[in-house]
Amino acid sequence: MQFNWFFETRWMIRLYGRYFWYQELSKATEIHSAYYGGELAGVLLAKMEGEIPKYRTRGMALYMRLYKLFCRMVRGGDDLYEEANGEMLTAYTRHTMPDGEILFLAADPSVAQRGIGSLLLREFEKGKQGKTVFLYTDNGCSYRFYEHRGFSRIDERDVMIDIGEEPRLLRCFLYAKTIE
């Protein structure tokens with residue numbers, strides 16, 4: 001994830017990073033982690049339909065509300081990225097009803113090429129044969145990772161993000177896969 005594409009200061013990246021993590025963690029019904037050399041090397045968060053989220057706290061909810069309020073005051077209320085994702089999901093669910101969503105998948109870049117992301121994905125997929133899952137990603141992430149693991153690009157949208165000194169084109173993607 002390239003948070004530095006959207007925020008110029010380290011403290012804003014940290015604030016948004018925590019907001020993003022809390023947002024996804026509070027929806028997750030499955031949490032998978034991988035360790036390498038005794039250190040956390042990767043995490044996968046997913047939400048499966050009909051399951052209860054694993055971890056929510058009032059502190060997380062309060063932080064997320066305060067962050068959104070702060071953003072409305074500082075940047076205005078536009079969240080074009082979320083709008084694009086919503087449009088893609090609406091179009092997709094007209095003909096397919098997915099069973100779940102991969103909310104977050106990240107591996108420590110210092111252990112890149114060790115198969116951490118693939119391991120997490122395989123663990124998540126265990127016991128889900130026939131289930132369809134989707135995820136959002138963008139050109140600031142390793143979207144080709146999903147293509148190499150059987151996900152199909154369902155839709156894409158271009159969004160012009162006007163944060164910082166110059167606008168940046170962000171290409172948003174929706175990927176899906178029926179697990180075999």
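What you see below is based on every heavy atom in this structure, not just the backbone, and it leaves out hydrogens, waters and symmetry mates.
- Y36 meets the ring pair (Phe, Tyr, Trp, His ring centres under 6.0 Å) test with no other residue; sequence neighbours excluded.
- Rounded to the nearest 0.5 angstrom, R157 CZ and L80 CG are separated by 13.0 Å.
- Applying the ring pair (Phe, Tyr, Trp, His ring centres under 6.0 Å) test to H148 and every residue at least two apart in sequence or in another chain returns nothing.
- The side-chain contact (heavy atoms from CB on, under 4.5 Å) search around S152 returns I154, not counting sequence neighbours.
- In this structure, the separation between OH on Y143 and CG on L135 is 13.5 Å, given to the nearest 0.5 Å.
- Below 30°, between 30° and 60°, or above 60°: for Y16 and Y67 the angle between ring planes is between 30° and 60°, a tilted geometry.
- A continuous path of hydrophobic side-chain contacts links W21 to W11 [ILVMFWY only; heavy atoms under 4.5 Å].
- Under the 30°/60° scheme for interplanar angles, the aromatic rings of Y22 and Y63 are found to stand perpendicular.
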Assess whether ring-ring contact (aromatic ring centres under 6.0 Å, His included) is satisfied between Y146 and F151, documenting all intermediate values.
CA-CA 5 Å; Y146 300 106; F151 284 81; 5.6 Å; yes
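- For residues 107-135, every residue pair satisfying the ring-ring contact (aromatic ring centres under 6.0 Å, His included) rule, not counting sequence neighbours, is listed here: F134-Y136.
- Cluster membership for Y175 and L105, using ILVMFWY side-chain heavy atoms within less than 4.5 angstrom, is shared.
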Side-chain donor-acceptor pairs of residues 39-51 under 3.5 Å, sequence neighbours excluded:
{"residue": "E51", "atom": "OE1", "partner": "T29", "partner atom": "OG1", "Å": "3.3"}

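- Crowding of K27 atom NZ: a count of heavy atoms from other residues, nucleotides or ligands under 6.0 Å exceeding 12.
- Shortest non-hydrogen contact noted between L120 and S33 is CD2-C, 3.6 Å.
- Distance check: T137 OG1 to F173 CZ gives 7.5 Å after rounding to the nearest 0.5 Å.
- Within the 4.5 Å cutoff, no side-chain heavy atoms of E82 are placed close to those of N85.
- Atom CG of L25 and atom CD1 of I31 lie 5.0 Å apart (nearest 0.5 Å).
- Listed for the T96 side chain is no donor-acceptor partner under 3.5 Å among the backbone atoms of T93.
- Note on L103 and I116: separate hydrophobic clusters, where clusters join Ile, Leu, Val, Met, Phe, Trp and Tyr whose side-chain heavy atoms are under 4.5 Å apart, directly or indirectly.
- Partners of T57 under the side-chain contact (heavy atoms from CB on, under 4.5 Å) rule, at least two apart in sequence or in another chain, are Y55, M60.
- A salt bridge links K128 with E30: the closest approach of a Lys/Arg side-chain nitrogen to an acidic carboxylate oxygen falls below 4.0 angstrom.
- Closest of all the heavy-atom pairs between F145 and G117 is CZ-C, 3.5 Å.
- Cluster note: L119 groups with no other residue, as no ILVMFWY side-chain heavy atom lies under 4.5 Å from it.
- A distance of 4.5 Å separates CG of L170 from CG of D138, quoted to the nearest 0.5 Å.
- Exactly one of Q129, E123, R122 qualifies for a side chain to side chain contact (heavy atoms under 4.5 Å, CB included) with K126. That residue is E123.
- In this structure E101 satisfies the side chain to side chain donor-acceptor pair (under 3.5 Å) test with no other residue, sequence neighbours excluded.
- Using a 4.5 Å cut-off between side-chain heavy atoms of Ile, Leu, Val, Met, Phe, Trp and Tyr, with links allowed through other members, M88 and M97 fall into different hydrophobic clusters.
- Take D158 and apply the salt bridge (Lys or Arg N to Asp or Glu O under 4.0 Å) test, not counting sequence neighbours, and it matches R171.
- Not counting sequence neighbours, the partners of E147 by the salt bridge (Lys or Arg N to Asp or Glu O under 4.0 Å) test are R153.
- Partners of M160 under the side-chain contact (heavy atoms from CB on, under 4.5 Å) rule, at least two apart in sequence or in another chain, are P167, L169.
- Partners of T178 by side-chain contact (heavy atoms from CB on, under 4.5 Å), not counting sequence neighbours, listed by chain and number: T132.
- How far CD1 of I102 is from NZ of K177: 8.0 Å, rounded to the nearest 0.5 Å.
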